[in-house]
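Remember, it's a predicted structure, so these values are computed and weren't measured experimentally.
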Amino acid sequence: MPFDAPCNQTGLSPSAPPQFAESTPDQQLQPGYFNCLPVEVIQHIANKLTLPDALRLKQTCHNANNSIDQKIIEDLSHRIQFKNMTTVVHSSKYESLKLIYNSGKFDHFFKRYAYDQHSGLVKDPERVDIKCFLATMELGNATTKYQDEKYTMYTGLFENGHVFLIAPRHSSSIEEDTNANSPNKVLFNGNTFSVNIEAIYSGRSFQEVKKLITIVHSNTPLSVHISHILEHEYL
């Protein structure tokens with residue numbers, strides 16, 4: 001299912017823990033784990049950190065976990081920009097697109113992959129609703145028949161705090177731009193309106209998404225270019 005949109009970005013470090021991890025009872029009893037600090041102080045500290053560091057702080061104790069709320073996580077995520085993708089500035093413009101996906105009516109359009117830090121590749125993980133789209137990239141078409149059709153890749157954030165990339169599911173759908181007409185040096189190959197062309201690759205971070213695509217599409221243009229496409233930096 002072709003998605004035509006642009007949005008903001010979230011990139012977490014490979015070692016960042018899940019953002020909603022709960023602290024243990026032992027941690028909750030230790031004042032050294034921020035339990036004795038006011039909520040305002042913890043939030044002030046978190047706002048000075050990068051997103052991965054704030055997520056690690058969130059996991060240290062019950063007080064930090066409650067104090068570092070979703071608004072702080074989202075504010076920190078917007079400080080990260082992809083170098084090679086277009087940021088979604090007005091996410092409200094894509095509410096209808098999000099609602100279409102979250103309805104579940106088009107689940108059969110997508111193949112799902114997730115990255116697990118212990119087992120690596122997870123095929124057909126449980127579907128999670130999209131919270132927002134973050135960034136997009138349009139690819140020109142290498143096929144003469146569909147040369148006027150552009151294919152759009154999307155990054156975004158799931159409701160569970162994991163990030164995702166919507167991209168081709170088949171490595172044959174991506175090929176090098178031999179004429180170098182594309183600034184991304186890669187083209188889509190085929191009909192962008194086919195129902196079996198897309199996959200959703202997800203993980204706790206975009207570093208994990210890169211690892212996932214390397215596992216699924218090893219040594220292909222899709223795998224090689226995805227690392228370049230997903231490069232990001234802190235502002």
Side-chain angles (χ1 to χ4, degrees), residues 1-12 14 80-88 94 97-98 100-102 106-116 120-125 127-143 146 149-158 162-177 182-232:
M1 176 184 180
F3 277 155
D4 246 349
C7 190
N8 252 7
Q9 280 80 243
T10 304
L12 320 181
I80 300 173
Q81 301 292 322
F82 288 107
K83 298 177 182 178
N84 305 299
M85 301 188 78
T86 302
T87 298
V88 173
Y94 308 104
L97 187 62
K98 185 179 76 172
I100 289 173
Y101 172 86
N102 290 349
F106 299 96
D107 284 356
H108 61 286
F109 281 20
F110 302 99
K111 176 69 176 176
R112 301 177 192 283
Y113 300 102
Y115 183 85
D116 180 83
L121 171 64
V122 176
K123 294 182 180 180
D124 299 319
R127 189 179 76 82
V128 181
D129 282 353
I130 289 176
K131 183 174 182 63
C132 70
F133 290 99
L134 302 175
T136 65
M137 174 177 281
E138 282 192 345
L139 301 180
N141 207 308
T143 311
Y146 305 109
E149 296 179 8
K150 292 187 179 295
Y151 176 81
T152 305
M153 291 193 294
Y154 298 86
T155 61
L157 180 68
F158 278 138
H162 289 199
V163 294
F164 66 83
L165 169 72
I166 298 178
R169 72 169 73 174
H170 305 296
S171 59
S172 59
S173 296
I174 292 292
E175 65 177 56
E176 301 279 354
D177 181 6
S182 166
N184 306 311
K185 300 180 181 178
V186 63
L187 296 168
F188 181 79
N189 182 14
N191 181 1
T192 60
F193 291 95
S194 296
V195 298
N196 64 343
I197 62 170
E198 295 193 300
I200 299 181
Y201 308 90
S202 62
R204 296 176 306 157
S205 68
F206 283 112
Q207 287 89 343
E208 288 192 348
V209 172
K210 291 180 188 180
K211 291 179 182 178
L212 179 61
I213 292 180
T214 299
I215 295 171
V216 178
H217 302 291
S218 180
N219 298 318
T220 67
L222 178 58
S223 174
V224 170
H225 282 282
I226 216 70
S227 290
H228 171 69
I229 290 170
L230 292 180
E231 286 181 1
H232 62 273

What I want to check is whether the side chains of Glu208 and His162 have a donor and an acceptor closer together than 3.5 Å.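 Their side chains do not contain a donor-acceptor pair, so the 3.5 Å distance test is not met.
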Modelled atom types, side-chain donor and acceptor of Tyr151 and Glu198, under 3.5 Å: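 The criterion, which ignores hydrogens and geometry beyond distance, is satisfied for Glu198 and Tyr151.
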Exactly one of Ile197, Asp124, Val216 should register a side chain to side chain contact (heavy atoms under 4.5 Å, CB included) with Lys111. Which one does?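 Of the listed options, the one satisfying the test is Asp124.
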Main-chain N/O of [Y] paired with [X] side-chain donor or acceptor, under 3.5 Å:
X      : Y      : answer
Asp116 : Val122 : no
Glu231 : Lys83  : no
Ser194 : Asn191 : yes

Over all atoms of both residues, closest heavy-atom pair of [X] and [Y]:
X      : Y      : result
Ser202 : Phe158 : CB-CE1, 3.7 Å
Asn84  : His228 : ND2-O, 2.5 Å
His170 : Asn196 : NE2-O, 3.2 Å
Lys150 : Gly140 : NZ-CA, 4.5 Å
Val186 : Asp177 : N-CB, 3.9 Å
His217 : Pro168 : NE2-O, 4.2 Å

Hey, what do you get for [atom1] ([X]) to [atom2] ([Y]), rounding to the nearest 0.5 Å?
X      : Y      : atom1 : atom2 : result
Arg112 : Arg169 : CZ    : CZ    : 10.0 Å
Leu212 : Ile200 : CG    : CD1   : 12.0 Å
Thr87  : Phe82  : OG1   : CZ    : 8.5 Å
Cys132 : Leu157 : SG    : CG    : 5.0 Å

Within a radius of less than 6.0 Å around CG of Asn219, do more than 12 heavy atoms belonging to other residues, nucleotides or ligands occur?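 Not more than 12 within 6.0 Å, no.
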Is any side-chain heavy atom of [X] closer than 4.5 Å to a side-chain heavy atom of [Y]?
X      : Y      : value
Ile174 : Thr220 : no
Met85  : Ile229 : yes
Ile213 : Leu165 : yes
Leu187 : Leu139 : no
Tyr115 : Ile215 : yes

So, Tyr146 versus Phe188, ring centres under 6.0 angstrom or not?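 Ring centres of Phe188 and Tyr146 not closer than 6.0 Å.
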Check salt bridge (Lys or Arg N to Asp or Glu O under 4.0 Å) between Lys210 and all other residues, then give those that pass, not counting sequence neighbours.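 Listed in chain order: nothing, the list is empty.
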Set out, in order, the CA-CA distance, both residues' side-chain angles and the distance that settles side-chain contact (heavy atoms from CB on, under 4.5 Å) for Phe206 and Thr155, then state yes or no. CA-CA 9 Å; Phe206 283 112; Thr155 61; 3.8 Å; yes
Asp129: side chain to side chain donor-acceptor pair (under 3.5 Å) partners, not counting sequence neighbours: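 For Asp129, the residues satisfying side chain to side chain donor-acceptor pair (under 3.5 Å) (neighbours in sequence not counted) are Arg127.
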Listed by chain and number, what are the side chain to side chain donor-acceptor pair (under 3.5 Å) partners of Asn189, not counting sequence neighbours?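 Only Thr143, Glu175 meet the side chain to side chain donor-acceptor pair (under 3.5 Å) criterion with Asn189.
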Parallel, tilted or perpendicular, judged at 30° and 60°: which one describes the rings of Phe110 and Tyr101?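 Taking Tyr101 first and then Phe110, their aromatic rings stand perpendicular (interplane angle over 60°).
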